[in-house]
Amino acid sequence: MILVVPIGDVPEDIVAGVSTFVNSYYSRLGLPVKVGDPLPVEVFESAFNPARGQFLGRAFLPVLAELGVGARAVLGITGLDLYEEGLNFIFGLAHPGLGAAVVSIFRLRPEFYGEPPNDELLLERTVKEAMHELGHVFGLGHCPRRDCVMHFSNSIVDTDLKGPLYCPACETQLMRNLGVMR
Ligand SMILES: [Zn+2]
Ligand SMILES: [Zn+2]
């Protein structure tokens, strides 16, 4: 089972849309999606860096992992702006050992780039980042193929260029890592 946990104020249709997509892919690999109760932002107060106005991404993962008892992976979705040491921002991150990942929609919103709001585009981007981070949880690295969801997104342009699915090589590796035969 993959547990999806909204953190703070995340649009319901984003949580539902991501869960539906991830479920349609991963349930056939034996990992159906369950949506958990939302976590209040206050839980991550200590991860806030006032100088940057951002939250330290890695602080989210142990908390999510703790919620995921019985789950193969926990995926947090947040509206908070995340960063890591040495990086201006991150779209998301994952920890295979913890079985946890988090994605932020903060910089996936078209409004962030001065464009008009677009729910469909926001969902598309969030689905890609969710599939990417789950790939990491299940042991995949970055992929050189620009259309593969495991391609590294340096900017939103990369996210928009890639598809929401794993390329054949990444998918084969994923199946192997999950112990799925086909
Ligand atoms: Zn990555
Ligand atoms: Zn690939």
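Ligands are counted one by one from 1 in listed order, and the atoms in each one are counted from 1 as well. All residue numbers refer to positions in the sequence shown, counting from 1.
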Please give me the minimum heavy-atom distance between Phe48 and Gly53, naming the atom from each residue.
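So the minimum-distance heavy-atom pair works out to CE1-C, 3.6 Å.
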Residue from Glu124, Glu129, Arg125 passing side chain to side chain donor-acceptor pair (under 3.5 Å) with Thr159:
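Testing each of Glu124, Glu129, Arg125 against Thr159, the sole residue satisfying side chain to side chain donor-acceptor pair (under 3.5 Å) is Glu129.
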Identified side chain to side chain donor-acceptor pair (under 3.5 Å) partner of Asp158 from the options Arg146, His151, Lys128
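Checked Arg146, His151, Lys128 against Asp158; only one passes side chain to side chain donor-acceptor pair (under 3.5 Å): Arg146.
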Of all N, O or S atoms in His136, which has the smallest distance to the Zn ion (ligand 1)?
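Looking only at N, O and S atoms of His136, the one nearest the Zn ion (ligand 1) is named NE2.
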Cut-off 3.5 Å, no hydrogens considered: what does the side-chain donor-acceptor table look like for residues 79-94, sequence neighbours left out?
| from | atom 1 | to | atom 2 | distance (Å) |
| --- | --- | --- | --- | --- |
| Asp81 | OD1 | Arg107 | NE | 2.8 |
| Asp81 | OD2 | Gln54 | NE2 | 3.1 |
| Asp81 | OD2 | Arg107 | NH2 | 2.8 |
| Tyr83 | OH | Asn49 | ND2 | 3.1 |
| Glu84 | OE1 | Arg58 | NE | 3.1 |
| Glu84 | OE1 | Arg58 | NH2 | 2.9 |
| Glu84 | OE2 | Arg58 | N | 2.8 |

Which protein N, O or S atoms does the Zn ion (ligand 2) have within a distance shorter than 2.8 Å?
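Listed by chain and number, the nearby protein N, O or S atoms are Cys143 SG, Cys148 SG, Cys167 SG, Cys170 SG.
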Would you tell me whether His142 and His136 have side-chain atoms, one donor and one acceptor, within less than 3.5 Å of each other?
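Present: a donor and an acceptor within the cut-off.
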Residues Phe106, Phe55; criterion ring pair (Phe, Tyr, Trp, His ring centres under 6.0 Å); working and verdict
CA-CA 11 Å; Phe106 189 86; Phe55 289 76; 9.8 Å; no
Which value, rounded to 10°, describes the NE2(His132)-the Zn ion (ligand 1)-NE2(His142) angle?
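Between NE2 of His132 and NE2 of His142, at the Zn ion (ligand 1), the angle is about 110°.
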Between the side chain of Lys162 and the main-chain N/O of Cys148, is any donor-acceptor distance below 3.5 Å?
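Flag not set: sc Lys162 to bb Cys148 has no pair under 3.5 Å.
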